[in-house]
Amino acid sequence: MSTKTVTLSNGQQVNFRKPPRSGLLLSAAAWIVGFLFVAPVLWMILTSFHSESAAATNPPSFTAPLTLAGYRSFFASGPWPSLINSVMASVVSTLLVLALAFPAAYALSIRPVRKWSDVLFFLLSTKFLPVVAGLLPIFLFAKKVGLLDNIWLLIIFYTVMNLPIAIWMLRSFLAEVPSEMLEAAEVDGAGLILTLRKVVAPVVMPGLASAALICFIFSWNELLFARVLTGTVSQTAPVYLTGFVTSQGLFLAKVCAASLVVSLPVLVAGFAAQDKLVQGLSMGAVR
């Protein structure tokens, strides 16, 4: 690494180390890759403020007049029931996942049950089956029991879908809990519930936040099962969003505006839990 000598106003000379050229190239490559990921989102935001005629031009017009017509059209179409269904399905399923995954991960890490590795493999094997392969059996079962177009069916399905992921994540976090803390809690006479709530939960709070955020994102973005299992009463925001794509007329600006609004809850949750997410993922990845 080369150095550069700089003379200050008082005559003192200070040596600064120049970053290596390879480091500058890696930084430039990282900025380029990051921009490639963000560019579609920025283009979607810009298109949402254009009129339908300006959004449909080819090549795209960057200097077209800005308007809120796409947002007015989206909110005028009545999206609130679908947004409320998505919030209910995502939040309730995430809370159920945490309530079930936390003690399960405790049993598989701190107080391991017999053949705990087989249990972990079974949980992982439930993700091997392609999602579309289970679509028909679940649809027939829901039709048989009368749960089609019912938000509670989605809540149950999202809970089952995200539970293996949450257990695997929380197990890696709980493995970092010092055994001395648990022994001290036992000496003080704390039971299992009190130990989980007062001792273990505060330590693994970043892991709980990470698991909750990931489960919330997966539930909010799920489209296939929501499209097949719901109708007009329990349709979620992603299903409602697909209704703007039509075979006739112009719809690009309105779809971009609707996509931005539907994405806002996930973005807000991600920014709110950003520090916890990074801390939790780091704690679970490094032992």
Side-chain angles (χ1 to χ4, degrees), residues 27-91 93 130-132 135 139 148-151 154 158 213-274 277:
S27 299
W31 278 102
I32 293 174
V33 173
F35 176 76
L36 291 178
F37 276 98
V38 176
V41 179
L42 298 177
W43 178 247
M44 181 186 72
I45 296 174
L46 179 61
T47 306
S48 68
F49 289 101
H50 286 169
S51 62
E52 293 293 355
S53 58
T57 57
N58 191 14
S61 176
F62 293 94
T63 59
L66 302 181
T67 178
L68 295 175
Y71 292 93
R72 286 195 293 263
S73 179
F74 170 72
F75 286 109
S77 61
W80 299 114
S82 299
L83 292 174
I84 293 174
N85 287 334
S86 284
V87 171
M88 181 177 178
S90 301
V91 172
S93 65
V131 177
V132 70
L135 186 59
F139 175 81
L148 286 178
D149 202 12
N150 191 315
I151 193 63
L154 288 183
Y158 292 163
L213 181 59
I214 290 177
C215 292
F216 177 82
I217 292 175
F218 285 171
S219 300
W220 184 273
N221 292 337
E222 201 282 322
L223 173 63
L224 180 60
F225 280 89
R227 179 73 174 178
V228 175
L229 300 178
T230 63
T232 57
V233 177
S234 301
Q235 71 172 357
T236 57
V239 178
Y240 183 80
L241 184 60
T242 60
F244 291 100
V245 180
T246 60
S247 59
Q248 297 178 348
L250 302 176
F251 55 83
L252 185 58
K254 184 164 61 176
V255 168
C256 290
S259 301
L260 182 60
V261 173
V262 171
S263 303
L264 282 179
V266 175
L267 296 176
V268 171
F271 279 112
Q274 183 178 10
L277 179 61

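The basis for the numbers below is simple: all heavy atoms, side chains too, and nothing from hydrogens, waters or symmetry mates.
Here the side chain of E52 pairs a donor or acceptor atom with the backbone of A253 at under 3.5 angstrom. Under the 3.5 Å distance criterion, the side-chain polar atoms of S234 are matched with a main-chain donor or acceptor of D149. Looking only at distances, a side-chain donor or acceptor of S86 sits under 3.5 Å from a matching main-chain atom of A237. Side-chain atoms of S219 do not come within 3.5 Å of backbone N or O of F216 as any donor-acceptor pair. Judged by distance alone, with hydrogens and angles left aside, the side-chain atoms of N221 form no donor-acceptor pair with the main-chain N or O of P238 at under 3.5 Å. Judged purely by atom type and a 3.5 angstrom limit, S73 has no side-chain atom pairing as donor or acceptor with the backbone of G70.
How far OG1 of T67 is from NE2 of H50: 10.0 Å, rounded to the nearest 0.5 Å. The OH atom of Y158 sits 7.5 Å away from atom CD1 of I151, with the distance rounded to the nearest 0.5 Å. Residue C256 holds its SG atom at 12.5 Å from CZ of F74, rounded to the nearest 0.5 Å. In this structure, CG in L267 is found 7.5 Å from CG in L260, a value given to the nearest 0.5 Å. For the atom pair OG of S263 and CD1 of I217, the computed distance is 11.0 Å after rounding to the nearest 0.5 Å.
At a threshold of 4.5 Å between non-hydrogen side-chain atoms, the residues Y240 and N85 do not count as touching. Counting heavy atoms from C-beta on, the side chains of L213 and V266 never come closer than 4.5 Å.
Residues meeting the side chain to side chain donor-acceptor pair (under 3.5 Å) test with S51, sequence neighbours left out: S53. Listed by chain and residue number, nothing satisfies the side chain to side chain donor-acceptor pair (under 3.5 Å) test with S90 (two or more places apart in sequence, or in another chain).
A centroid separation of 6.0 Å or more is found between the aromatic rings of F139 and F225.
Here the rule is side-chain contact (heavy atoms from CB on, under 4.5 Å) with T236, and of L83, V87, L154 only L154 fits it.
Across every non-hydrogen atom of R227 and T242, the tightest pair is NH1-OG1, 3.0 Å. Taking each heavy atom of I45 and F49 in turn, the nearest pair found is O-CD1, 3.0 Å.
Within 6.0 Å of atom CZ in F244, more than 12 heavy atoms from other residues, nucleotides or ligands are found, so the atom counts as buried in its surroundings.
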